[in-house]
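Taking it in order: structure first as structure tokens, then the write-up.
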6 protein chains.
Amino acid sequence: MTQSTPSQSTTTSPKPGGAPSGANTAQDRLARGRRALDSIDGEAGHNVIAALADIAPDFATYVIEFPFGDIYSRPGLDLRSREIATIAALTALGNASPQLKVHIHAGLNVGLSRTEITEVIMQMAVYAGFPAALNGLFAAKEVFAEADAKAGEAVSV
Amino acid sequence: MTQSTPSQSTTTSPKPGGAPSGANTAQDRLARGRRALDSIDGEAGHNVIAALADIAPDFATYVIEFPFGDIYSRPGLDLRSREIATIAALTALGNASPQLKVHIHAGLNVGLSRTEITEVIMQMAVYAGFPAALNGLFAAKEVFAEADAKAGEAVSV
Amino acid sequence: MTQSTPSQSTTTSPKPGGAPSGANTAQDRLARGRRALDSIDGEAGHNVIAALADIAPDFATYVIEFPFGDIYSRPGLDLRSREIATIAALTALGNASPQLKVHIHAGLNVGLSRTEITEVIMQMAVYAGFPAALNGLFAAKEVFAEADAKAGEAVSV
Amino acid sequence: MTQSTPSQSTTTSPKPGGAPSGANTAQDRLARGRRALDSIDGEAGHNVIAALADIAPDFATYVIEFPFGDIYSRPGLDLRSREIATIAALTALGNASPQLKVHIHAGLNVGLSRTEITEVIMQMAVYAGFPAALNGLFAAKEVFAEADAKAGEAVSV
Amino acid sequence: MTQSTPSQSTTTSPKPGGAPSGANTAQDRLARGRRALDSIDGEAGHNVIAALADIAPDFATYVIEFPFGDIYSRPGLDLRSREIATIAALTALGNASPQLKVHIHAGLNVGLSRTEITEVIMQMAVYAGFPAALNGLFAAKEVFAEADAKAGEAVSV
Amino acid sequence: MTQSTPSQSTTTSPKPGGAPSGANTAQDRLARGRRALDSIDGEAGHNVIAALADIAPDFATYVIEFPFGDIYSRPGLDLRSREIATIAALTALGNASPQLKVHIHAGLNVGLSRTEITEVIMQMAVYAGFPAALNGLFAAKEVFAEADAKAGEAVSV
């Protein structure tokens with residue numbers, strides 16, 4: 001658990017309920033959020049941001065700032081554990097299939113094995129029922145197949 | 001629809017996906033969020049912030065910054081409409097009774113009538129079922145009774 | 001907020017728990033519901049009713065009678081506010097994408113601006129999470145594109 | 001399955017999408033709904049109606065009319081099966097504990113055995129997870145204990 | 001409680017909290033589960049099991065063992081009632097459309113009429129809202145059309 | 001990640017879709033489940049099992065067998081990660097407060113720090129909204145206070 005990511009080393013934790021230093025400007029959050037988004041969600045994250053450009057560009061900023069600039073950049077929990085939590089929650093809620101796929105990709109990006117990801121999803125049968133777990137597993141199956149296809153392309157070049 | 005709130009007049013809307021001016025520091029968001037929290041949730045909002053102090057003080061900061069400093073402070077939708085949206089969503093989700101009560105209070109604070117609030121809740125029978133609407137109405141009944149009790153105290157003094 | 005719709009001017013509010021006048025026959029509710037459905041959901045509403053004809057025609061009657069003949073026809077809350085409530089709830093619940101699209105159309109029909117609709121949906125990030133808001137925004141993007149395409153057809157003729 | 005209830009024998013099924021006979025007035029629905037409410041929910045149903053009187057009396061009328069006057073009064077599915085469906089749904093949704101208890105009572109009223117009720121609730125572990133089933137079983141435990149207490153009173157008098 | 005179904009005749013009910021006899025091996029549960037899966041879900045059930053083979057084969061075993069070998073094989077509630085409960089829950093939850101379709105098929109397999117199935121789904125408008133019921137009815141429409149198409153093939157051969 | 005628990009060292013993983021060895025009897029699952037329940041949920045787990053005794057004793061057996069004997073006993077994911085997944089899911093679902101508290105206790109039992117637990121819960125604001133995260137944090141506050149009270153008792157003796 002000696003994991004270290006660039007996005008965490010520069011984290012300025014907010015001063016709770018008080019006055020953070022003037023250095024923590026909106027640019028800091030955005031820049032920190034962009035680094036976290038890059039290292040966690042990769043291309044899929046950028047696609048989401050791009051898709052928001054003509055409907056709700058401010059929301060793209062919020063997505064970078066709050067989840068990535070604030071939450072995922074916090075020390076106190078490693079990214080591997082954060083992706084376990086997210087995959088578990090999205091499988092259990094069962095109503096956000098595109099985001100679940102993005103985070104199964106993200107789980108692979110931050111070092112979770114395919115086995116660990118399928119174990120998390122299977123466990124959701126206990127807390128959200130078998131259909132939620134089944135649909136989560138089929139989402140993982142798609143994501144793993146895409147990853148294999150990309151790896152195949154890379155090799156064949 | 002000529003409503004104007006202090007929290008909106010100072011809003012610096014984020015520059016989507018770009019670099020907001022250096023003036024939009026974390027202090028700005030916190031200060032703007034505190035003003036919005038005061039005018040919308042009043043005492044109940046402060047109680048939530050206080051209750052977080054010894055378990056997750058950073059989360060108190062986030063609550064002030066994102067929902068209140070960012071979202072409720074945005075131009076583009078008046079606070080009356082924002083509270084209609086929140087009361088509707090919390091009634092429909094049906095799993096956050098304390099927050100629903102805070103926002104029924106908030107609805108009264110921003111100028112919704114009791115009739116308008118009960119109409120919103122009743123309408124949720126169509127989208128989330130009769131139990132969700134019933135439980136929302138009973139939450140409103142409690143909030144209205146508390147408001148009456150406070151009004152009674154004020155009068156009797 | 002002086003909005004007045006045909007469907008509201010003829011509303012006979014139910015006599016709570018008591019005996020409504022004989023005039024409030026099932027035909028009244030159906031007729032009132034049809035007028036409300038026309039002015040709110042337009043073509044999309046009729047498509048839903050038609051699609052029910054060969055599987056559950058009685059349910060088509062109920063859809064016209066209760067949501068539209070009873071709830072949307074009530075005085076006490078204007079249609080603009082009612083659509084804000086519905087768009088908020090369907091975005092937050094996140095499991096009824098076809099109905100959310102119908103009501104984003106309906107929001108435009110009753111006078112909400114695109115900005116107001118996207119503000120309502122963005123706000124749901126606070127109450128139901130970012131994936132629910134993202135999926136709501138992408139639904140709005142589709143609906144707005146359809147509206148533009150229709151407007152383009154009209155112009156090109 | 002030769003069950004027959006008074007509330008069903010007088011059912012006038014709606015004429016789908018068409019013009020129901022003038023005889024199906026609002027009074028008919030209310031009266032039919034009251035009979036169904038009496039035979040299904042009994043005292044608990046009346047308590048709900050009474051509790052709505054000072055907050056949303058029209059909603060009390062709707063509760064009697066639509067769920068009870070329209071849905072539960074329909075031929076095509078016996079009341080025993082309808083209560084199985086309702087207990088299953090409320091256990092699975094897991095956010096309407098008071099209504100679940102009312103319908104566990106109702107299940108006993110329409111002839112379900114305690115075993116049948118607990119079997120339905122246990123089965124929900126498969127579809128909504130073990131916590132939903134556990135909370136449903138504990139609700140049933142309370143309802144059965146209340147029923148035993150009442151039976152005890154009756155005997156001891 | 002003398003009900004007996006083929007899938008239930010070999011059931012060894014677990015000895016609660018105690019030591020079941022050595023005869024109730026994992027093979028017993030698997031074999032009993034396979035028989036229940038066959039008689040309830042038929043071909044659709046086998047497709048689900050097959051689809052799990054390359055992503056989470058252990059989960060296929062669990063699906064056969066717990067829902068089918070344990071729950072559906074229990075005496076105390078007939079399969080007709082069990083499918084009513086499942087169709088109700090999956091319609092109300094609204095986030096597991098593929099599984100809802102499998103169980104509408106299963107409902108027909110265990111003897112529910114199309115009318116009974118649509119009545120259960122319509123009733124969910126009361127507990128989970130009209131959109132959940134509408135989406136359930138459209139799922140039923142698809143399943144009934146597939147069943148008609150298969151019946152047509154059989155006849156035309 | 002060198003964690004090793006007794007409950008995992010004796011795990012016989014099921015042979016997917018095939019015939020597990022005769023040694024994996026129901027007693028094995030129950031015994032393995034009891035060991036996992038002891039080491040994970042401790043006293044709280046036993047209270048749940050005891051509370052089921054007079055309403056659904058078979059369900060107590062299932063709780064021990066499937067979640068604990070099957071899922072938590074699987075190799076492939078350490079218990080620390082499993083509790084992160086469970087705390088995330090129960091916070092996000094927001095409708096199973098008693099079970100969330102049991103698993104916050106369990107998280108402490110398997111080695112999660114209070115900081116890690118609150119980080120997981122705070123992160124759920126992103127995926128299930130701020131109310132779900134707030135209610136999760138207040139549940140954690142209660143559990144941590146109980147743990148402190150017990151520690152105080154132990155010290156004061």
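All chains are named by letter (A, B, ...) in the order of the sequence lines, taking the proteins before the strands, and each is independently numbered beginning at 1. Remember, it's a predicted structure, so these values are computed and weren't measured experimentally.
- Contacts with chain C (heavy atom to heavy atom, under 4.5 Å) involve these residues of residues 87-103 of chain B, listed by number: B/Ala88, B/Ala89, B/Leu90, B/Ala92, B/Leu93, B/His103.
- Contacts of C/Thr86 with chain B are made by both backbone and side-chain atoms, with heavy-atom separations under 4.5 Å.
- Contacts of C/Tyr127 with chain B are made by both backbone and side-chain atoms, with heavy-atom separations under 4.5 Å.
- Expressed to the nearest 0.5 Å, how far CD of B/Glu119 lies from CG of C/Asp78 amounts to 10.5 Å.
- When heavy atoms are compared at a cutoff of 4.5 Å, C/Met122 approaches chain B by way of both its backbone and its side chain.
- Between chain B and the options C/Thr115, C/Ile84, C/Val63, the largest number of non-hydrogen pairs under 4.5 Å is found for C/Ile84.
- Interatomic distance, B/Ile121 CD1 to C/Leu77 CG, rounded to the nearest 0.5 Å: 11.5 Å.
- The choice from C/Ala125, C/Ala85, C/Ala128 that makes the most heavy-atom pairs within less than 4.5 Å of chain B is C/Ala85.
- Here the closest non-hydrogen pair linking B/Gly76 and C/Glu116 is O-CG, 3.5 Å.
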